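Working notes for the structure below.
Remember, predicted model here, so these are calculated numbers, not experimental data. For reference, positions follow the sequence shown, starting with 1. As the structure lists them, so they are numbered: ligands from 1, and atoms in each ligand from 1.
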Amino acid sequence: MDDSVPILLIATSDPASRRILGDELRRRYGADYEVVACADHAHGRAVLEGLRRWNRQVALILGCYGPADRGGLDFLRRAYGFHPAAKRAVVVTWGDFASAPTVFRAIAQGYAELLIIRPERPRDEEFHGAITDALDDWHLAQGVGFEAVRLIGEVGDERTHTLRDSLSRNHIPVGFHPVGSETADRTLESLGLRDPALPVLVLEFTASPVVLENPSDVEIAEAMGVTRPPPADKVFDVVVVGAGPSGLATAVYASSEGLSTMVVEGEAVGGQAGTSSLIRNYPGFSRGVSGAHLAYRSFHQAWTLGTDFLFLRRVEGLRADGALYAVSISDGNVVRCRTVVVATGVDYRRLGIPQLEDLVGRGVFYGATVSEAPSMAGKHVCVVGGGNSAGQAVLHLAKYAKKVTLLVRGATLSVSMSEYLISQLEATRNVGIRYNTSIVGARDQDGFLAAIRVAASGADATQGEEIEAGGLFVLIGSVPRTSWLPDTVERDPAGFLRTGARRDVREAGSARPDKPPLALETSMRGIFAIGDVRAGSIKRVATAVGDGATVVSMLHTYLAENPLPAPPPAPGDEAAAPEEVPRDVRFT
Ligand SMILES: Cc1cc2nc3c(=O)[nH]c(=O)nc-3n(C[C@H](O)[C@H](O)[C@H](O)COP(=O)(O)OP(=O)(O)OC[C@H]3O[C@@H](n4cnc5c(N)ncnc54)[C@H](O)[C@@H]3O)c2cc1C
């Protein structure tokens, strides 16, 4: 078969499963993929190794788990090391409920990405739905095939990486060709570019190719022409800042309920959720869903309902403009609107250690991912951080893990963690605390975290000591993205936006002396905050979406209370003068 055809590989010692899966996959996908069925796991590993050496693309690896094959999960775990980009699925037989806890734990640990029930009849569309979703995710991540945009740059260059990432997260088919590769050289020569400023972006989908040398985000957005700034006289009912789960949910509900809606997104649709390869706890997606998929579907839904989008442009400022708001965009334009929904989320502080970044999702987790805790059973787990969230995560993990070690950079916890949590940590038998300790590196085994390297804070990193660790949870804080908002919008001490009729908001919110703010309204009238950026929010996709849906009813309330002024009468028109609008927009 053609060497460019991707492979679907099955390896199981269970002959019945091998036959059923092989037949099903060949019948449905045989024209587009090569299906390889291996008689056992050792054979499967040898084939994967060979395919890696021959540079063959493996799209999907299937292993089985059940009474007839107890080695399938370990096979899938080790398969990652050969083909990290391949989707890995564990297949179980219907009714084998006894295997479920083991399989769920393995999925939580990243051994496999999805669980599939073996088909027991021809045309099992549930099975094929799972397979085609996995293949769709794989294609999305690969960006193989059609190239709408060709990107030429240096391997390892940060700007090139960011462009590649943000274009593919925005569902723009991008082909990356490193400088010096045959395609890159041919392309540059055909365009007459001898010594271009890298990275070079070639838009292939326009009537004649558009070439951009080291372009800014705004230049790319303008050249793409997908989203154009609205006419200067257009007034939106709502401008949503940020297209993460909360902003997209607002767009869907606001547009479907007749509000004219503009969403401005600085990077890529989906926000933090869009960077997650698998969201396992979003209701309704029992096999989990990739963040990119969830985001793209919500974006498409909002777009078809009439939302206007501005991509690759950031909101840089906000000011009152008579009875309206003026939102300043990074391309120099100003969008006018009656309300603003701030859905800008947070940036998680990262450790910035490349070895650890490579292992995120496979032993390394940012945030208190409670759902991962059961999969830590019997392991030594480390938690980094000195705040209350780190303390709570340690106590939760200690219910499952053999031992939990809290790594604290400073000499004490008493300045950053509540006293009751410190006492609970000290009283918990399988919890240890190491002060004055920083992480300096990590070691993996088959692509999964095996050990971390720690050193005394401030000491030479090469002097460190290795600690075996099956999991590492990093809780070193998050920073809300609010620097563009006026200082007068109330924040909590950590910088999150306060909303609702809290006493402190009412007192500081003299902008609304007559009425308390609506539940998701900030201290500034008509400015709402939702999702992770909101003080007290639960940092989850579903709660962000819930905020996005809820805020729309408050937008209706606010807009009804604050109607737009009637337009001035045309010269010679006998109509009465416009009524004064009972509205007061002030910043303090
Ligand atoms: C790796 C990872 C995995 C996760 N997994 C899960 C999970 O499995 N389950 C779960 O429930 N939760 C998960 N979460 C948490 C979840 O993704 C967040 O709670 C959720 O995305 C918050 O949504 P949001 O819309 O409030 O903000 P965000 O998702 O942070 O989106 C904010 C958006 O605003 C944009 N933006 C910011 N500033 C500006 C500006 N000035 N102008 C224009 N645009 C701007 C950003 O580019 C971003 O796209 C995960 C988070 C991460 C990082």
Checking side-chain contact (heavy atoms from CB on, under 4.5 Å) for the pair Phe496/Val346: CA distance, chi angles, key distance, verdict?
CA-CA 9 Å; Phe496 290 86; Val346 298; 3.5 Å; yes
Worked verdict on His396 versus Phe473 for side-chain contact (heavy atoms from CB on, under 4.5 Å)
CA-CA 12 Å; His396 184 64; Phe473 292 78; over 6 Å; no
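A 4.5 Å side-chain heavy-atom check between Val342 and Leu497 finds at least one atom pair inside the cut-off. Side-chain atoms of Thr499 and Phe528, non-hydrogen and from C-beta on, never get closer than 4.5 Å to each other.
By the 3.5 Å distance cut-off applied to N or O atoms, Ala544 is not counted among the residues near ligand 1. In terms of polar-atom proximity, Arg540 is counted as a contact of ligand 1, with an N or O under 3.5 Å from an N or O of the ligand. Considering backbone and side-chain atoms together, Gly266 places an N or O closer than 3.5 Å to an N or O of ligand 1. Residue-to-ligand polar distances keep Val533 apart from ligand 1: every N/O pair is separated by 3.5 Å or more. For ligand 1, the polar-atom distance check against Tyr348 finds no nitrogen or oxygen pair separated by under 3.5 Å.
Considering only non-hydrogen atoms, atom 16 (C) of ligand 1 lies nearest to Val541 out of Leu310, Leu294, Val541. Comparing Arg534, Glu267, Arg314, Glu265 by heavy-atom distance to atom 48 (C) of ligand 1, the nearest is Glu265. If you check each of Val263, Val545, Thr344 against atom 45 (C) of ligand 1, the one with the closest non-hydrogen atom is Thr344.
The two atoms that bring Leu359 and Ala442 nearest to each other are CD1-CB, 4.4 Å, heavy atoms only.
Using the six-membered ring where Trp is involved, Tyr296 and Phe299 have ring planes that are tilted, between 30° and 60° apart. Ring geometry, Trp303 versus His300: the interplanar angle exceeds 60°, so the pair is classed perpendicular (tilted spans 30 to 60°).
A salt bridge is defined here as a Lys NZ or Arg NE, NH1 or NH2 lying under 4.0 Å from an Asp or Glu carboxylate O, and Arg159 with Asp217 meets this definition.
For ligand 1, the atoms sitting less than 4.0 Å from at least one non-hydrogen atom of Val346 are 30 (O), numbered in the order shown with element in parentheses. Taking every heavy atom of Gly531 and a limit of under 4.0 angstrom, the matching atoms of ligand 1 come to 26 (O). Annotation for ligand 1: atoms under 4.0 Å from non-hydrogen atoms of Ser246 are 24 (P), 25 (O), 26 (O). Those atoms of ligand 1 that come under 4.0 Å of a heavy atom in Gly271, given as number and element, are 29 (O), 31 (O), 48 (C), 49 (O). Every atom of ligand 1 is numbered from 1 in the order shown, and the set under 4.0 Å from a heavy atom of Val315 is 40 (C), 41 (N), 42 (N), 43 (C). Interface of Val264 with ligand 1, defined as ligand atoms under 4.0 Å from a residue heavy atom, comprises 43 (C), 44 (N). With ligand atoms numbered from 1 in the order given, ligand 1 contributes 32 (C), 33 (C), 34 (O) to contacts under 4.0 Å with heavy atoms of Ala343. The distance from ligand 1 to the heavy atoms of Arg481 drops below 4.0 Å at these ligand atoms: 30 (O), 32 (C), 37 (C), 38 (N), 46 (C), 48 (C).
Screening Arg481, Lys539, Gln272 for a side chain to side chain donor-acceptor pair (under 3.5 Å) with Asp532, the sole residue that qualifies is Gln272.
If you look at Gln272 next to ligand 1, the close heavy atoms, those under 4.0 Å, come from the backbone and the side chain alike. The proximity of Asn281 to ligand 1, defined as any non-hydrogen pair under 4.0 Å, is limited to the side chain. Contacts of Val241 with ligand 1, taken as heavy-atom pairs under 4.0 Å, involve the side chain alone. By the criterion of a heavy-atom distance under 4.0 Å, neither the backbone nor the side chain of Tyr282 is placed next to ligand 1.
In this structure, OG in Ser166 is found 7.5 Å from CD1 in Ile172, a value given to the nearest 0.5 Å.
Using a 4.0 Å cutoff on heavy atoms, Ala268 counts as a contact of ligand 1.
Ser418 and Asn388 share a donor-acceptor pair across their side chains, judged by distance under 3.5 Å alone. Between the side chains of Glu113 and Tyr80, not a single donor N or O lies within less than 3.5 Å of an accepting N or O.
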